[in-house]
Structures are given as C-alpha cells and as structure tokens.
Amino acid sequence: MFQAPRGTADHLPEEQKYWRYIESKAVDVATRFGFGRIDTPAFEDSNLFIRSVGEGTDIVEKEMYTFDDRGGDSITLRPEGTAPVCRAYLEHGMHNLPQPVRMYYFCPVFRYERPQAGRFRQHHQFGVEVLGDADPSVDAEVIDVAWDLMTSLGLRDINLLINSVGDPQCRPAYVAKLREYYSGYHDKLCSDCKTRLDQNPLRLLDCKVESDHALGNGAPKSADNLCGDCSEHWTKLLTYLDRMELPYQIDHRLVRGLDYYTRTVFEVQPLDGGSQSTICGGGRYDGLITQLGGRDTPGIGFATGLERLTLNLKRSEVQVPDGPKPLYLVANVGDDARIAALELSVRLRRAGVGAILSSGARGLRGQLRQANALQIPFTLILGDDEIEKGEVMVRDMESSVQESRPLAEFIEEVTKTHGRDASAE
RNA sequence: GCGAGCGUAGCCAAGAGGCCUAAGGCGCCUGUCUGUGGCACAGGAGAUCACGGGUUCGAAUCCCGUCGCUCGCCCCA
C-alpha cells in the first residue's frame with residue numbers, strides 16, 4: 001500500500017472547513033489593508049534561497065528539497081515565501097508601481113525536517129509582504145495585519161512578541177558584546193550553546209535549557225544596543241503600536257532563524273503552546289532586495305502556518321462554519337423516475353442550486369437514509385405517482401413535512417430563491 | 001542528524017504463550033419497514049494481528065532486525 005510521504009498529509013473533505021475559514025478571514029483582512037494576491041512557483045532556482053535565507057541557516061544547510069532537473073539546473077522546492085515574492089518584485093519591475101507594494105500569498109512550503117506535532121515537510125503558509133517603504137508605521141501596520149487576522153479567527157490566549165535585532169550598522173557590535181557576556185559563563189553552557197557561541201551567538205538567547213535561559217535574563221539586550229537610526233525606528237514603532245492599542249510584549253530573547261531580518265522582528269505564540277508554538281512569525285528585511293541584486297529597497301512581512309492555525313483553532317474549540325452543502329438530494333423509484341430525477345437534478349444545478357442525484361439503487365428508504373447521513377436539508381422524491389401527475393414530492397428532512405408540488409412551479413421557485421441570480425446572494 | 005514511545009479491520013480498541021478459524025464499540029451494507037430517514041432490533045461485509053527472521057510442540061502475545069507512525073531535541077509556520 002502506498003502512503004503519503006513522511007511529513008506530508010492529506011487534507012480530507014471533513015478538514016476543509018478549517019482551511020476555508022482561515023482563507024476567507026485572511027483574504028478579508030489582507031484585502032481590507034489593501035494587499036493584492038500573488039502566486040509564485042512552487043520551485044525556484046536554488047541560489048535564490050541560498051542567497052536570501054542565508055548559507056549558515058538550518059533551512060539552507062539541511063532542510064531544502066534541492067535537486068537537479070533534467071536540464072542540469074539546481075532547483076529547490078520553496079522553503080519559505082518571502083524570497084520568491086522579492087524575486088517577483090524585481091523581475092516584474094514593481095519598483096515602478098506606486099510604493100509601497102503590498103502583496104499576500106497562500107502557498108505550500110517544503111522543508112526536509114523530522115515531522116512532529118505541528119511540523120511537516122510540506123505545510124501551507126499565508127503571508128504578506130510590503131516592499132518599498134522603510135517607515136516604522138509600515139512595521140506597525142504589518143504587525144496589525146497579523147494581529148487582526150489572529151483575533152478575527154477567534155484565537156484567544158495568544159501573545160504578540162516583538163523585538164529589534166538592529167541592522168548591519170549596529171548588529172556586529174552587539175553580537176560581539178553578547179559573545180563576550182556568554183564567554184564568561186562558558187563552562188555553564190549546554191553543549192548546543194557552546195557551538196552557538198561560535199556560530200550564531202544570537203541564538204544563545206532563546207535556548208530552552210533552563211540554566212541557559214536564566215543566563216539570558218542578564219544578557220545584553222539588542223534593543224539597548226541599536227545605532228541611532230535603528231533606535232529611532234524602534235521607539236517610533238513602539239509609539240505607533242501603543243497608539244494602535246496592540247497588546248504587544250517586548251521579548252529581548254526573540255531572534256529569528258533567517259539571516260535576512262533587520263530591525264523589527266515579531267511572533268505570535270499561543271500561551272500554552274508546545275514546542276512548535278509559533279503560529280505567526282515575521283520581520284523587516286531591508287537588505288534582502290539588495291542581496292538579490294536589486295536597488296536598495298526596504299521590506300517587511302510575516303507568514304503564518306495554516307496547519308498550526310488549524311491546530312490552535314481546534315485546541316481552543318473555535319466554532320468554524322461548515323462548508324456549503326447541496327440543498328437537495330433527488331431520490332427516485334423506478335426507471336422512468338430515474339430519468340426524470342436526472343433531468344431535475346441537472347436543471348437545478350445549471351440554475352445554480354446544489355443537488356445530488358441518487359442512483360436510486362437502494363430503494364427509497366436507503367435514499368432517505370443517505371440524505372439524512374449527508375445532512376441534506378430537503379429530499380426530492382420522484383416515483384410513478386409524481387411522474388404521472390407532473391409533480392415532485394418535496395420532503396423537509398428536519399421536520400419530516402412533505403408536500404407534492406407541480407414540477408415546473410417548484411423549479412421556478414427554487415431557482416428564484418436559491419439559484420445563481422437569487423437576490424439573497 | 002540525535003533521543004523516547006507505539007504499530008491488532010476505514011476509525012477506536014480487548015487480548016500479555018495454547019480457550020484466537022482474534023472480543024467489543026463507531027462507521028459501512030442489508031433486513032424487520034416490498035414508496036419514506038434519524039430510534040430500536042436482527043444479520044452481513046471488512047484483519048496476510050506492520051514486515052522479515054528467531055525461540056517454542058505451539059507466537060498477535062517472547063527475542064532480534066527492518067519499515068512505518070507518534071512525541072521530544074535542533075530549527076521553524
């Protein structure tokens with residue numbers, strides 16, 4: 001038997017209501033903020049990600065799905081959404097559009113990781129990017145998009161964490177300071193942290209080993225070590241967030257694993273989340289477009305994982321609306337009735353009314369049972385009696401009230417009230 | 001890449017060397033009710049007990065290996 005590859009999942013029809021719910025809320029929020037949708041390919045030139053995400057990062061080092069295609073080009077399945085959007089911005093000369101350019105996307109992303117709760121090799125992200133404006137009000141707005149989405153989804157007990165990681169001006173000095181601080185405690189560090197000390201001192205801050213975590217409390221803070229420009233950006237951002245009444249918390253340990261982040265970084269985390277708790281993460285990336293060969297263009301964005309959102313919606317028992325269902329099941333008894341039922345269901349559907357044709361193979365009782373199991377609101381019954389009179393029996397499945405009605409009249413009425421052109425729509 | 005736990009029908013699951021040609025429940029199908037659902041009752045289909053090897057007179061059950069799944073670490077949505 002074949003199985004879905006490790007770390008991938010089938011999202012069955014019964015699961016779809018969560019996805020529809022998240023997608024519709026996300027589109028609603030993004031549209032309200034003036035974002036336009038963009039779709040980029042599922043795979044890109046490998047160098048796009050190596051150049052943007054960063055050579056030393058886990059994503060590039062061990063998680064990319066990279067292969068040579070038949071023409072010998074190195075291809076990588078998209079491991080994150082920001083770089084492709086930036087590539088598209090450059091490729092299509094979007095700097096000629098009114099700035100900033102606001103875009104959102106839904107896309108599958110691929111990372112070769114060991115799957116566990118809330119983590120997959122293929123997962124799906126919704127994300128937004130704003131390109132071409134460095135003002136801190138844009139940071140505040142993007143954070144607001146994220147927060148607006150989370151709250152309109154009905155998620156409670158979530159934290160909004162922010163920090164500033166500086167820029168190439170001030171970060172080197174800060175990293176040196178951090179390294180110096182931790183070097184003083186070298187013997188106390190866990191083994192992972194000893195290598196972090198060499199390779200990525202920022203990551204020392206969010207170590208989960210308790211003793212190291214305590215050390216982090218006394219560590220120099222990035223936000224206290226910003227250069228003039230970054231500092232001004234940071235304080236303005238905080239002012240804006242206060243004015244917007246966003247319930248943010250400054251988290252001096254918040255650092256993110258992609259090299260391209262500058263200044264503002266932020267995450268949304270559930271209070272009781274496990275280890276894969278981040279449901280939304282993003283930040284500013286003012287150097288990225290230049291990295292990719294474009295002129296100096298600031299950018300900021302975030303992404304959120306649909307699987308993790310779904311997990312949290314279920315965990316916090318948020319009620320999401322059911323998907324749309326056909327209004328009618330067309331039951332039939334006898335060969336003539338089957339043809340009449342076939343014609344009736346076709347007419348309904350072509351008029352925009354949902355209808356399932358029963359094959360009639362299992363008797364009226366079985367067909368009603370079917371309608372019940374599928375939670376179809378009305379069953380239309382056609383048999384010899386109805387055919388003879390040119391009528392159709394309309395049965396309300398909830399009240400069990402049924403009524404025989406002239407076929408033509410019935411079709412005209414439901415088309416008017418439930419069809420494509422119904423005024424209620 | 002590292003560590004731990006677990007693999008019995010579509011799903012949940014009993015079983016812990018012979019009473020297993022594997023219990024029970026959900027779901028599915030059929031009938032009681034020959035054109036009327038939900039409830040009830042009766043019946044039915046569906047399992048090489050993950051796979052391979054070993055121990056034993058005898059293995060779903062014990063041992064080894066493989067594969068898979070889950071959870072955790074690293075890291076991330």
Side-chain angles (χ1 to χ4, degrees), chain A residues 1-9 12 14 22 53 56-64 78-82 106-127 146 150 190-193 195-196 199-200 203 206-209 255-258 267-270 273-282 301-312 329 331-334 337 358 360-387 393-402 404:
Chain A
M1 280 278 276
F2 287 109
Q3 279 178 291
R6 169 179 294 199
T8 66
L12 305 180
E14 64 201 52
I22 295 168
V53 174
T57 59
D58 274 22
I59 289 181
V60 170
E61 231 165 48
K62 52 185 201 191
E63 294 176 357
M64 294 206 305
R78 167 178 49 214
E80 61 103 36
T82 300
F106 291 94
C107 67
V109 319
F110 305 87
R111 289 181 206 161
Y112 190 85
E113 306 186 86
R114 278 296 283 275
Q116 61 192 76
R119 195 173 68 187
F120 307 92
R121 289 187 173 179
Q122 179 184 188
H123 76 278
H124 299 78
Q125 294 188 348
F126 164 75
M150 297 304 141
C190 69
S191 57
D192 282 336
C193 279
T195 62
R196 286 186 185 119
Q199 310 201 335
N200 194 351
R203 292 239 78 93
D206 66 348
C207 181
K208 290 180 190 77
V209 177
V255 292
R256 295 189 47 77
L258 284 67
E267 289 189 359
V268 177
Q269 296 180 3
S275 49
Q276 269 66 52
S277 57
T278 302
I279 54 179
C280 174
F302 73 82
T304 179
L306 301 202
E307 285 84 354
R308 284 190 188 173
L309 285 178
T310 301
L311 194 72
N312 281 277
L329 181 134
N332 56 91
V333 181
S358 169
R362 45 175 148 186
L364 185 57
R365 174 186 165 72
Q367 297 178 63
L368 283 166
R369 202 178 269 193
Q370 175 91 2
N372 192 59
L374 296 175
Q375 297 180 288
I376 306 293
F378 297 93
T379 302
L380 305 179
I381 301 168
L382 291 169
D384 292 341
D385 295 351
E386 286 78 15
I387 301 292
M393 185 70 78
V394 182
R395 181 178 180 84
D396 181 329
M397 297 302 285
E398 203 187 342
S399 65
S400 296
V401 174
Q402 63 183 32
S404 191

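Each chain gets a letter, A, B and so on, in the order its sequence line appears, and its residues count up from 1.
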Would you indicate what A/R196 reaches in the nucleic acid, counting non-hydrogen atoms under 4.0 angstrom: base, sugar-phosphate, or nothing?
sugar-phosphate
Output all residues satisfying side-chain hydrogen bond (donor to acceptor under 3.5 Å, both in side chains) with A/E61, sequence neighbours left out; order by chain, then residue number.
none
Classify A/Q3 by what it touches in the nucleic acid, base, sugar-phosphate, or nothing, heavy-atom distance under 4.0 Å.
sugar-phosphate
A/R114 vs B/rG68: side-chain N/O to OP1/OP2 distance below 4.0 Å:
no
Decide yes or no for A/R78 and A/C107: does some side-chain heavy atom of the first lie under 4.5 Å from some side-chain heavy atom of the second?
yes
Rounded off to whole Å, could you give me the CG-to-C1' distance for the A/N372 and B/rU36 pair?
12 Å
Here's a test of your reading of the structure: between A/S399 and A/C280, which maps to the more 5' nucleotide of RNA chain B?
A/S399
Taking atom CD1 of A/I22 and atom CG of A/L309, what is their separation to the nearest 0.5 Å?
4.5 Å
Using purine N1 to pyrimidine N3 plus N6-O4 or O6-N4 for Watson-Crick, or N1-O2 and O6-N3 for G-U wobble, each under 3.5 Å, what pairs with B/rG65?
B/rC51
If you look at every strand shown and take non-hydrogen atoms under 4.0 Å, does A/R362 touch a base, only sugar-phosphate, or nothing?
sugar-phosphate
Which nucleotide, if any, forms a Watson-Crick or G-U wobble pair with B/rA42, using both distances under 3.5 Å?
B/rU30
Please state the C1' separation for the pair B/rA22 and B/rG46 - nearest whole angstrom.
14 Å
Of the nucleotides B/rC75, B/rU36, B/rC73, which has the atom closest to the A/M393 side chain?
B/rU36
Looking at the base of B/rU32, is there any donor atom on it, or on the side chain of A/R365, that sits under 3.5 Å from an acceptor on the other one?
yes
With sequence neighbours excluded, tell me which residues meet ring pair (Phe, Tyr, Trp, His ring centres under 6.0 Å) with A/F378.
A/Y328
Exam field: side chain A/D58 to backbone A/E63, donor-acceptor pair closer than 3.5 Å
no
Indicate whether OP1 or OP2 belonging to B/rU36 is found under 4.0 Å from a side-chain N or O atom of A/Q367.
no
Measure the distance from CZ on A/F378 to P on B/rG38 and round it to the nearest whole Å.
19 Å
OP1 or OP2 of B/rA77 under 4.0 Å from side-chain N/O of A/R256
yes
Gap in Å between the two P atoms, one belonging to B/rG17 and one to B/rG54, rounded:
23 Å
Would you say B/rG68 has OP1 or OP2 under 4.0 Å from some side-chain N or O of A/R6?
yes
Round to a whole Å and report the spacing from CZ of A/R369 to C1' of B/rA40.
11 Å
Base, sugar-phosphate, or nothing for A/Q122, non-hydrogen atoms under 4.0 angstrom?
nothing
Describe the nucleic acid contact of A/E113 in one word from base, sugar-phosphate, nothing, applying a heavy-atom distance below 4.0 Å.
base
A/N312 has an atom CG; how far is it from atom P of B/rA77, in whole Å?
15 Å
Using the P atom in both, what is the distance from B/rC69 to B/rU32, to the nearest Å?
46 Å
NA contact type, A/A371, heavy-atom cut-off 4.0 Å: base, sugar-phosphate, or nothing?
nothing
What contact category does A/R203 fall into here, base, sugar-phosphate, or nothing, at under 4.0 angstrom with non-hydrogen atoms?
sugar-phosphate
Watson-Crick or G-U wobble mate for B/rC2, both contacts under 3.5 Å:
B/rG72
Specify whether A/F106 and A/F126 have parallel, tilted or perpendicular ring planes, treating 30° as the upper limit for parallel and 60° as the lower limit for perpendicular.
tilted
How would you label the contact of A/I381 with the nucleic acid (heavy atoms, under 4.0 Å): base, sugar-phosphate, or nothing?
base
Once you apply a heavy-atom cut-off of 4.0 Å, does A/F126 come out as touching a base, just sugar-phosphate, or nothing?
nothing
Let me see the working for A/T8 and A/Q122 under side chain to side chain donor-acceptor pair (under 3.5 Å), right down to the final yes or no.
CA-CA 5 Å; A/T8 66; A/Q122 179 184 188; 5.8 Å; no
Classify the nucleic acid contact of A/G383 as base, sugar-phosphate or nothing, counting any heavy atom under 4.0 Å across all strands shown.
base
Any N or O donor-acceptor pair linking the side chain of A/E61 to the base of B/rG1 at under 3.5 Å?
no
Does A/H123 lie flat on the base of B/rA77, that is, centres under 5.5 Å apart and planes under 30° off?
yes
Expressed as a whole number of Å, how far does the P atom of B/rG31 sit from that of B/rG15?
37 Å
d(CG, A/N200; P, B/rC75) in whole Å:
9 Å
Taking the P atom of each, how far is B/rC75 from B/rG18, in whole Å?
49 Å
Counting the atoms with a prime plus P, OP1 and OP2 as sugar-phosphate, which does A/G118 contact under 4.0 Å by heavy atoms, base, sugar-phosphate, or nothing?
base
